[in-house]
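Chain identifiers are assigned alphabetically (A, B, ...) following the order of the sequence lines, protein sequences preceding nucleic acid strands; residue numbering begins at 1 within each chain.
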2 protein chains.
Amino acid sequence: MDDETLSRILKAAGDTTRRRILTLLVQEGALRVTALAAHFDMSLNSVSKHIKVLEEAGLVTRRTVGREHFIAAELEPLKVTEAWFGDLKSIWELRLEALEELLVAKDDDNAPTGNARSGTARNGTA
Amino acid sequence: MDDETLSRILKAAGDTTRRRILTLLVQEGALRVTALAAHFDMSLNSVSKHIKVLEEAGLVTRRTVGREHFIAAELEPLKVTEAWFGDLKSIWELRLEALEELLVAKDDDNAPTGNARSGTARNGTA
DNA sequence: AATATATTCAACCATAAGGGTGAATGAATG
DNA sequence: CATTCATTCACCCTTATGGTTGAATATATT
């Protein structure tokens, strides 16, 4: 997955209006631009621009039928993003496990202060 | 959870440099500002500012000891954010289930086109 | 053909974001 | 006490963002 893509997704999701749009689409299915705009105290144009941002991030797709544009949420980017956060958590937990092992191994040498979470790695704790 | 908070977290995570900082911290534990900056082709000042953004989003905490500031990743906001994406997926799946039920119920009336995913709700498909 | 509807495009404005530099602050060290 | 080191603060610049309005485009409707 492109790092640039992830940035676009997160930036798109970083705006309240856009998150609300996404939520609306997810719970109500595809909606027209006007229908979406009706939910917001904001010009239709602005909503249209927000949709464009979501579209460029791949969070939303557009199906044009006649003069009406139906906007639908896209599930895949959500998974990808969730995965990034999940990976980060995994690395974290792996490192914590390693730390704990170290502490347990040293247990008879010097009694550690406990609390592996604040007593961080080779750099952190003085 | 505050919506504003979520926005700050996602905006903070939306920048590549900041994601790299987070990753570094998660895999190496707490690091000094200078140590972090060494990884980037960018002024120390800029990195310092990125750290501040992460800090304001709660993604990172600072422990100052003497003249050195140790920056550590914070796990909790990651969970919250992951949860937001997860919730969205859940709503999505719930709605799809409901749609499938509808389709199955109508099965003898008129043979549907199948494909519940593109044939969206009451608004979408013409 | 004329008009109304749905949507985008273009230009504009204010403010935020991301980067840089130089000075200021605070702590260690000779 | 002067100096070096670690970091932030203040200011500047350029570009992006979120919002506005008015015009343009494309499709329906009468």
**Student:** Which value, rounded to the nearest 0.5 Å, describes the distance between A:Arg8 atom CZ and A:Leu54 atom CG?
**Tutor:** 12.5 Å
**Student:** Are the charged groups of A:Lys89 and A:Glu93 less than 4.0 angstrom apart, N to O?
**Tutor:** no
**Student:** Looking at A:Asp15, A:Val47, A:Val53, A:Leu31, which one forms a side-chain contact (heavy atoms from CB on, under 4.5 Å) with A:Ile21?
**Tutor:** A:Val47
**Student:** Give me the one residue out of B:Leu59, B:Leu75, B:Val26 that meets side-chain contact (heavy atoms from CB on, under 4.5 Å) with A:Leu88.
**Tutor:** B:Val26
**Student:** Take atom CZ of B:Arg19 and atom P of C:dG18, then tell me their distance rounded to the nearest Å.
**Tutor:** 11 Å
**Student:** What is the distance, to the nearest angstrom, from the CD1 atom on A:Ile51 to the C1' atom on C:dT7?
**Tutor:** 10 Å
**Student:** Quick one: does B:Val60's side chain get under 4.5 Å of B:Glu74's, heavy atoms only?
**Tutor:** no
**Student:** Each nucleotide in nucleotides 21-30 of chain D should get exactly one letter: B, S or -. Can you fill that in based on protein heavy atoms under 4.0 Å?
**Tutor:** BB----BS--
**Student:** Could you give the CD1-to-P distance, from A:Ile71 to C:dA6, as a whole number of Å?
**Tutor:** 14 Å
**Student:** Please name the pair of heavy atoms, one in B:Ala13 and one in A:Phe85, separated by the smallest distance, quoted to 0.1 Å.
**Tutor:** CB-CZ, 4.3 Å
**Student:** Please report, rounded to the nearest Å, how far the C1' atom of D:dA6 is from the CZ atom of B:Arg63.
**Tutor:** 15 Å
**Student:** Whole angstroms only, please: what is the CZ-C1' distance between A:Arg8 and C:dA17?
**Tutor:** 18 Å
**Student:** Could you tell me whether B:Arg19 and A:Asp3 have a side-chain N and a carboxylate O separated by less than 4.0 Å?
**Tutor:** yes
**Student:** Could you tell me whether the side chain of B:Arg18 and the main chain of B:Ala12 form a donor-acceptor pair under 3.5 Å?
**Tutor:** yes
**Student:** What is the distance, to the nearest angstrom, from the CG atom on B:Leu44 to the C1' atom on C:dG20?
**Tutor:** 12 Å
**Student:** Distances under 3.5 Å only, N/O to N/O: pair up the protein atoms with those of nucleotides 12-18 of chain D.
**Tutor:**
unit_1 : atom_1 : unit_2  : atom_2 : d
D:dG18 : OP1    : A:Arg18 : NH2    : 3.1
D:dG18 : OP2    : A:Arg18 : NH1    : 2.9
D:dG18 : OP2    : A:Arg18 : NH2    : 3.2

**Student:** Can you tell me which nucleotide in C:dT7, D:dC9, C:dC9 comes closest to the side chain of A:Lys52?
**Tutor:** C:dC9
**Student:** What pairs with A:Ser46 under side chain to side chain donor-acceptor pair (under 3.5 Å), at least two apart in sequence or on another chain?
**Tutor:** A:Ser43
**Student:** Please report, rounded to the nearest Å, how far the C1' atom of C:dA27 is from the CZ atom of B:Arg32.
**Tutor:** 13 Å
